Peer 1: 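This is the structure, below, for whatever I ask next.
Keep in mind it's a predicted model, so treat the numbers as computed, not measured. Each residue takes its place number in the sequence, starting with 1. Counting starts at 1 for both ligands and their atoms, following the listed order.
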Amino acid sequence: MNAIQIHRFGSPEVLEWNSLPDEQPKPFEVAVRIQMAALNPKDALVRKGKFTLFTGKKFPQRLGHDFAGEVVATGSQVKDLSIGDKVFGMINSWKAGAYADRIVVPAQEIARMPSTMSFEQGAAIPLAALTALQALRDLGKLSPGQSVFIHGASGGVGTFAVQIAKLLGATVTATSSSANHALLRELGADEVLDYAHDDLFKDKGRYAVFFDVFGNQSLQKTAPILQKKALYISTIPSLSIVQQVFTTYFSSKKVKLVVVKSNRTDLDWLAQQFEAGKLRAIIDQVFPIEQVAEAHRALETKRTKGKILLQIPPAQN
Ligand SMILES: NC(=O)c1ccc[n+]([C@@H]2O[C@H](COP(=O)([O-])OP(=O)(O)OC[C@H]3O[C@@H](n4cnc5c(N)ncnc54)[C@H](OP(=O)(O)O)[C@@H]3O)[C@@H](O)[C@H]2O)c1
């Protein structure tokens, strides 16, 4: 098999496409021949060595959590997936490894793709859409008629957050640069604001949930536009956010932190919404694996419209 590895932390040039021995699945795992992988901001942070608490400092390390492909081997205890099944998913382990032509992954972290789902859609959906789902449905407990504010709505997580908030019946106010307002309206946003030029804090006491996807707001700043009992949900696992999760635990306005986890049930739910035509990934660019460094540079502009993907070539060994 072949995979992107890093042998030191650093700029996108540290990403290398190396040949490796095939791993075999353990009893509850499957091996997947990957066709398409997706990038997430976390991948660039791992590459730079910002998550060594979780990844450790030993090399080589592998990157990437999102993938879509075909099952090529199953562990002895996997009864619900078979060789040849088209699957999509997100690997939970910090060992990662989706920038590769093969991955071994717990069967419960992946799901079957509907027949109408392309490998592009399959790779683009998992991490970003699971984050939006777990933030808005599980933490936010959004219910029909409630108002939600989605800040940073035109990127990977945000484009799913707008669609999922609508699926949950909420009224959506979403921010992006003006160039992406038409996209947000197309995805279902009821109101769109330009984060650089509009007053984001004009509607006092309106929102049940403020989902800070981009991560540069705070409970303090957003409190005036929140209802009396409301949530500020962050995607950023900083020490300050973790502290606020605890200090606001008994307050009427609470801070929550979403920490995405892949599971079959949620992936199946996303697949059903996709099949019903109610959810789709916005694809910004697809890069061939040889251009993985360019793909990372594009990601790091923080101006991605939806998702950036990596096309994986067929295995050569
Ligand atoms: N905790 C978790 O489990 C978890 C899971 C997933 C992601 N995350 C984190 O969530 C964050 C967002 O992830 P993502 O995949 O959505 O990132 P992304 O796709 O890279 O986000 C790009 C978007 O950010 C918007 N943006 C740029 N500057 C902005 C600003 N000043 N204010 C508001 N929006 C701005 C851009 O909008 P315009 O182009 O329209 O300007 C662009 O559409 C990242 O920090 C990521 O690490 C955390």
Peer 1: Tell me: protein heavy atom nearest atom 7 (C) of ligand 1, and distance?
Peer 2: Val157 CG2, 3.8 Å

Peer 1: How about NZ on Lys229, more than 12 heavy atoms from neighbouring residues, nucleotides or ligands closer than 6.0 Å, or not?
Peer 2: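 Counting neighbours around NZ of Lys229, 12 or fewer heavy atoms of other residues, nucleotides or ligands fall under 6.0 Å, so no.
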
Peer 1: Between His181, Lys307, Arg303, flag the one that comes closest to atom 39 (O) of ligand 1 by a heavy atom.
Peer 2: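 Of the listed residues, Arg303 has the closest heavy atom.
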
Peer 1: Could you find the nearest protein heavy atom to atom 35 (C) of ligand 1 and give me its residue, atom name and distance?
Peer 2: Phe214 CD1, 3.3 Å

Peer 1: Backbone or side chain, does any N or O of Leu45 fall under 3.5 Å from an N or O of ligand 1?
Peer 2: no

Peer 1: Under 4.0 Å, heavy-atom basis, I'd like to know which part of Thr131 is in contact with ligand 1: side chain, backbone, both or neither.
Peer 2: side chain

Peer 1: What do you reckon, does Lys302 put a non-hydrogen atom under 4.0 Å from ligand 1?
Peer 2: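 Under 4.0 Å: yes for Lys302.
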
Peer 1: Would you tell me which option among Thr235, Asp194, Asp212 has the nearest heavy-atom contact to atom 4 (C) of ligand 1?
Peer 2: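 Selected option, by shortest heavy-atom distance: Thr235.
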
Peer 1: Using every non-hydrogen atom in the two residues, find where Arg303 and Ser177 come nearest and quote the distance to one decimal.
Peer 2: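 Residues Arg303 and Ser177, closest heavy atoms: NH2-OG, 3.3 Å.
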
Peer 1: Considering all heavy atoms of both residues, which atom of Val46 and which atom of Ile6 are nearest to each other, and what is their separation?
Peer 2: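 For Val46 versus Ile6, the nearest heavy atoms are O-CD1, 4.3 Å.
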
Peer 1: Identify, by atom number and element, the atoms of ligand 1 in contact range of Ile236, meaning under 4.0 Å from any of its heavy atoms.
Peer 2: 45 (O)

Peer 1: Anything under 3.5 Å between a donor and an acceptor, one on a side chain of residues 237-245, the other on a protein residue two or more places apart or in another chain? List them.
Peer 2:
unit_1: Ser238; atom_1: OG; unit_2: Ile241; atom_2: N; d: 3.2
unit_1: Ser240; atom_1: OG; unit_2: Gln244; atom_2: NE2; d: 3.0
unit_1: Gln244; atom_1: NE2; unit_2: Ser240; atom_2: O; d: 3.4

Peer 1: Under 4.0 Å from any heavy atom of Val213, which atoms of ligand 1 are there?
Peer 2: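 Listed by number with element, the hits are 10 (O), 11 (C), 12 (C), 16 (O).
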
Peer 1: Under a 4.0 Å heavy-atom limit, does Thr175 contact ligand 1 with its side chain, its backbone, both, or neither?
Peer 2: neither

Peer 1: Are any of the N/O atoms in Leu257 less than 3.5 Å from those in ligand 1?
Peer 2: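 No; the residue has no nitrogen or oxygen that sits under 3.5 Å from a nitrogen or oxygen of the ligand.
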
Peer 1: Tell me, please: is Asn180 in heavy-atom contact with ligand 1, that is, under 4.0 Å?
Peer 2: yes

Peer 1: Do other residues, nucleotides or ligands put more than 12 heavy atoms under 6.0 Å from the CZ atom of Arg8?
Peer 2: no

Peer 1: Are any of the N/O atoms in Pro41 less than 3.5 Å from those in ligand 1?
Peer 2: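 Between Pro41 and ligand 1 (N or O atoms, distance only) the closest approach is not under 3.5 Å.
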
Peer 1: If you compare all heavy atoms of Val258 against all heavy atoms of Thr131, which two are closest, and at what distance to 0.1 Å?
Peer 2: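 Taking every non-hydrogen atom into account, CG2-O, 3.8 Å.
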
Peer 1: Over 60° means perpendicular and under 30° means parallel, so classify the ring planes of His296 and Tyr99, tilted if in between.
Peer 2: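 Perpendicular.
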
Peer 1: Can Asn40 be said to touch ligand 1, with heavy atoms closer than 4.0 Å?
Peer 2: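 In this structure, Asn40 fails to qualify as a contact of ligand 1 - no heavy atom is under 4.0 Å.
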
Peer 1: For residues 269-288, run the donor-acceptor check on the side chains, cut-off 3.5 Å, and write out each pair with its distance to 0.1 Å, sequence neighbours left out.
Peer 2:
unit_1: Arg280; atom_1: NH2; unit_2: Glu186; atom_2: OE2; d: 2.7
unit_1: Asp284; atom_1: OD2; unit_2: Lys305; atom_2: N; d: 2.7

Peer 1: Which heavy-atom pair separates Met90 from Val260 by the least distance, and what is that distance?
Peer 2: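 Taking every non-hydrogen atom into account, CE-CG1, 3.9 Å.
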
Peer 1: For atom NZ of Lys42, decide whether the heavy atoms of other residues, nucleotides or ligands shown that lie under 6.0 angstrom number more than 12.
Peer 2: yes

Peer 1: Any nitrogen or oxygen of Thr304, side chain or backbone, less than 3.5 Å from one on ligand 1?
Peer 2: yes

